[in-house]
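Below, read A as the first sequence line, B as the second, and so on, with proteins coming before strands; counting in each chain starts at 1.
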There are 2 protein chains.
Amino acid sequence: MISEENKLVLADFKVGVDNVIFSVDTQQNRLLVLLIKRTDHPFVNQWGLPGTLVRKGESLEKAAHRILAEKIRVDNLYLEQLYTFGGPNRDPRESPDSYGVRYLSVSYFALVRFEDTQLISDNLHKTSWYMIERIPQLAFDHNEIFSYGYQRLRSKLEYSPIAFNVLPELFTLNDLYQFYMTILGENFADYSNFRSRLLKLGFLLDTGVKVSRGAGRPASLYRFDAEAFAPLKDKPFVFV
Amino acid sequence: MISEENKLVLADFKVGVDNVIFSVDTQQNRLLVLLIKRTDHPFVNQWGLPGTLVRKGESLEKAAHRILAEKIRVDNLYLEQLYTFGGPNRDPRESPDSYGVRYLSVSYFALVRFEDTQLISDNLHKTSWYMIERIPQLAFDHNEIFSYGYQRLRSKLEYSPIAFNVLPELFTLNDLYQFYMTILGENFADYSNFRSRLLKLGFLLDTGVKVSRGAGRPASLYRFDAEAFAPLKDKPFVFV
DNA sequence: CCAAAAGTGTTAGATGTACACCCATGG
DNA sequence: CCATGGGTGTACATCTAACACTTTTGG
């Protein structure tokens with residue numbers, strides 16, 4: 001049992017969940033992050049990461065999914081916890097007149113498929129994809145949270161098959177290459193080397209089906225083979 | 001402003017910080033983790049990770065340091081946030097009669113120098129190092145938290161110079177090798193290859209000073225050169 | 001036929017792995 | 001003088017990075 005004396009000095013928290021939601025616009029080769037225009041105090045009218053406060057009986061991860069569902073309709077995604085920001089005074093609502101309640105933010109990082117994702121947006125609640133080079137000043141410490149998420153995205157991409165959560169069932173090796181390029185930058189690897197490295201790993205199945213995109217030789221459609229990948233799980237392997 | 005309606009469904013939290021504190025007994029080549037015998041409800045008399053509830057005005061990291069300071073006297077350490085466990089019902093204190101307060105745990109992972117660390121322990125508050133192969137059933141979800149910390153320790157060791165936070169100022173290459181062996185296991189690498197790889201990286205300075213440990217050729221004492229390491233920061237480099 | 005896109009092959013240099021071997025000391 | 005621990009060298013396989021080349025399509 002907690003003694004009365006100790007109880008007095010313990011902080012009371014509301015726990016928020018903030019999401020850094022990425023997607024890759026494969027048409028335009030752009031890396032995007034989802035921002036919302038705040039309608040509530042504090043930071044009204046400023047852009048921020050989509051977030052919510054955790055409800056009774058709700059797990060952190062469930063809260064993270066709830067925000068996602070409120071802002072976008074999406075089928076395919078990858079989601080993982082990022083970091084917890086919990087210093088005092090990170091939220092202006094912690095002013096003395098709010099009875100000393102602290103606001104802690106557990107951030108999540110998500111990657112969703114851009115193509116079949118619909119934004120749920122109206123005049124009141126603006127939701128929009130931002131190119132990551134053009135992110136404005138955000139509410140709270142959200143710029144910091146974003147940076148953290150961006151780093152995680154890049155490193156995760158290198159040793160984890162999260163791309164396949166987001167690419168369509170069937171894709172060409174060039175689709176995959178473009179995807180990596182868009183996130184990791186122009187000069188992360190030569191195409192032909194990328195190709196052979198990945199194929200050697202053995203978890204990409206050539207379906208034999210060919211697809212033509214305008215001029216040029218038709219490309220094979222590949223499929224990610226989760227079973228063939230399983231043994232490589234956690235093993236350090238790199239696409240760089 | 002949060003409407004009254006919403007306020008009703010928001011969960012109220014107490015936030016705990018739980019530490020997975022590792023050390024390497026370099027005499028006996030053992031990897032150890034710090035456990036405490038609980039004296040409070042719940043899980044009285046069971047072993048658990050050292051933890052505490054966050055106080056008013058206290059940051060998460062400060063709370064993590066406070067636990068450390070309460071349990072052990074230590075000068076050198078590495079500390080980083082691990083993960084946040086926050087599902088409902090992870091803490092039995094969340095029973096209905098506690099007015100619906102949730103208990104969330106932000107876990108931290110620490111590595112401390114075993115040699116000059118003194119346990120603060122008495123009959124009431126038992127604190128003790130456990131070999132990681134012999135960890136008993138722990139309170140709460142602490143076994144899970146430990147596993148998470150153990151994984152992090154191993155992967156962090158491979159691409160991050162955390163070992164030098166904990167090794168003495170001057171050390172032999174064999175000291176370093178043993179340190180890695182103890183954490184990563186017998187067969188992580190050949191000694192001579194480990195040697196040459198590290199020396200090639202250029203951030204270990206040979207002081208020229210020799211030290212003799214019983215029979216055999218005396219070994220050179222090396223020093224970690226933080227400046228020479230700086231450019232490698234975040235670059236993926238591996239000791240495996 | 002030719003430009004464009006897909007896919008294959010080649011080569012030099014760097015790295016990793018598994019050893020064998022030499023060096024300096026205490027007993 | 002030899003066991004012990006420290007330290008160097010080597011040989012082979014593998015991986016990397018850069019780039020040249022072939023194949024198959026649309027226009």
Do you see a donor-acceptor pair shorter than 3.5 Å between the side chains of Gln178(A) and Thr26(A)?
no
Gap between atoms CZ and C1', on Arg197(B) and dA18(C) respectively (whole Å)
12 Å
Would Phe203(B) and Phe224(B) count as a close aromatic pair, with their ring centres under 6.0 Å?
yes
Rounded to the Å, how far apart are Leu198(B) CG and dG7(D) P?
13 Å
Ignoring backbone atoms, establish whether Tyr191(A) has a side-chain N or O less than 4.0 Å from OP1 or OP2 of dG7(C).
yes
Give one of base, sugar-phosphate or nothing for Arg195(B), where a contact means two heavy atoms less than 4.0 Å apart.
base
Length of the line joining Asp206(B):CG and dG6(D):P, which is rounded to integer Å:
14 Å
Are Arg66(A) and Glu70(A) ion-paired here, with the side-chain N under 4.0 Å from a carboxylate O?
yes
Rounded to the nearest angstrom, tell me the gap between atom CG in Asn187(B) and atom P in dC19(C).
13 Å
Looking at Phe22(A), Phe114(A), Phe179(A), which one forms a side chain to side chain contact (heavy atoms under 4.5 Å, CB included) with Val166(A)?
Phe179(A)
Separation of dG7(D) C1' from Leu221(B) CG (nearest whole Å):
15 Å
Return a single string for nucleotides 18-27 of chain D, one symbol per nucleotide in 5' to 3' order, where B is base contact, S is sugar-phosphate-only contact and - is none, cutoff 4.0 angstrom on heavy atoms.
BB---BBBS-
Over how many whole Å does the gap from Tyr177(B) atom OH to dG7(D) atom P extend?
14 Å
Whole angstrom is fine here: how far is it from CZ in Phe194(B) over to P in dA18(C)?
16 Å
Can you see whether Thr172(B) engages Asn174(B) through a side-chain donor-acceptor pair at a distance of less than 3.5 angstrom?
no
For Asp175(B) and dG6(D), what is the distance between atoms CG and C1' respectively, to the nearest whole Å?
12 Å
Atom NZ of residue position Lys37(A) - does it have more than 12 heavy atoms of other residues, nucleotides or ligands inside 6.0 Å?
yes
Sorted by position of nearest nucleotide on DNA chain D, 5' first, the leading residue of Lys200(A) and Asn174(B) is Asn174(B)
Within 45° cone and under 6.0 Å: Arg154(B) NZ/CZ vs Tyr150(B) ring:
yes
